[in-house]
Amino acid sequence: MATGTEPPATEPEQRGGGVRAGTRAAIDAPHLRTDRWWVAPACTAAGLLAFIVYSTWRAFANADYYAAPYVSPFYSPCLAENCATMRGGPNWEIFGSWWGISPAIIILIFPLGFRLTCYYYRKAYYRGFWASPPACAVAEPHKRYTGETRFPLILQNIHRYFFYAALLVAGILTYDTVLAFRDEHYAWGHMGLGTIVFLVNIVLIWAYTISCHSCRHIVGGKLKHFSRHPVRYRMWQWAGKLNARHMQLAWASLVSVAVADFYVYLVASGAFDDPRFF
């Protein structure tokens, strides 16, 4: 029985891909949405582009990233000899004097790799930059779709390994936050505005990391009998609740890590004095 959407039999089969393929319904419009569907992907692209520009500038600046007791999360841990000396901080000179460029390039590979392969961020930049697809019920302009089966997108499958690295980085940033309870003379028992900035940042970093889909799967994704593993089941439930807010946590932690870095930059460059509460 005809549905009214098939092209007439006398017309030649349409060629091309996407919504213009001969096997698709004969609807002239590429989509039937009447709302401003393009706002969300445009805002996503603008936000991600702003972070890319800022983080690239700060990563290659190689300056103003340490003001006792604060160290920028972009430069921690510092793994090269050309790092600023951080008393009690994570100075691990694994890379010798041959490393001449900014030490931030070494460590940023891991948190950025974790976010780049994150399930939410994939959706965000696939839609925002590649229009694949640009929005729900809006067909992508590409003629072919291969998903993540070819290079380089097949590398998205290593997301879990970046998750392990992200756990290590979050642990180091937690250590940096503890060190933030010192003053500029490294005396303990003090709190400044930067300490609060670091506290907010590390809470959001951990919340985003634990809300990761890989974390939820590792905790309880393979369990067949939850009743036999009550602790892992409870952890799986907690991870699931955070996972429901994964998108919000992804953006909040992205902003917070940039704010923490910018705060250290202001203090280290002398543009701002860190207020001390006690």
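What you are looking at is a predicted structure, and each value in this text was computed from that prediction instead of being measured.
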Determine whether the interatomic SG-SG distance for Cys78 and Cys83 falls below 2.5 angstrom. yes
According to a hydrophobic-cluster definition based on side-chain heavy atoms being under 4.5 Å apart (Ile, Leu, Val, Met, Phe, Trp, Tyr only), do [X] and [Y] belong together?
X	Y	value
Ile52	Ile107	no
Trp98	Ile106	yes
Phe74	Val255	yes
Leu112	Trp251	yes

Taking every heavy atom of Ile109 against every heavy atom of Ile105, the minimum-distance pair comes out as CG1-O, 3.3 Å
Minimal heavy-atom distance between Ser214 and Arg160, with the atoms involved, is OG-CA, 4.0 Å
Less than 6.0 angstrom separating the ring centers of [X] and [Y], yes or no?
X	Y	value
His159	Phe114	yes
Tyr265	Trp57	yes
Tyr75	Tyr65	yes
Tyr263	Phe198	no
Trp188	Phe181	no

Looking just at side-chain N and O atoms, do [X] and [Y] make a donor-acceptor pair shorter than 3.5 Å?
X	Y	answer
Tyr70	Asp274	yes
Asp261	Ser72	yes
Gln248	Tyr120	no

Give the C-alpha distance, both sets of side-chain angles, the deciding distance and a yes or no for side chain to side chain donor-acceptor pair (under 3.5 Å) between Trp206 and Thr174. CA-CA 9 Å; Trp206 273 114; Thr174 303; 2.7 Å; yes
query = Where the side chain of Asp183 meets the backbone of Tyr186, is there a donor-acceptor pair that is under 3.5 Å apart?
reply = yes
Under 3.5 Å donor-acceptor, Ser102 side chain and Ala59 backbone = yes
Trp238 side chain reached by Val219 side chain, heavy atoms, under 4.5 Å
no
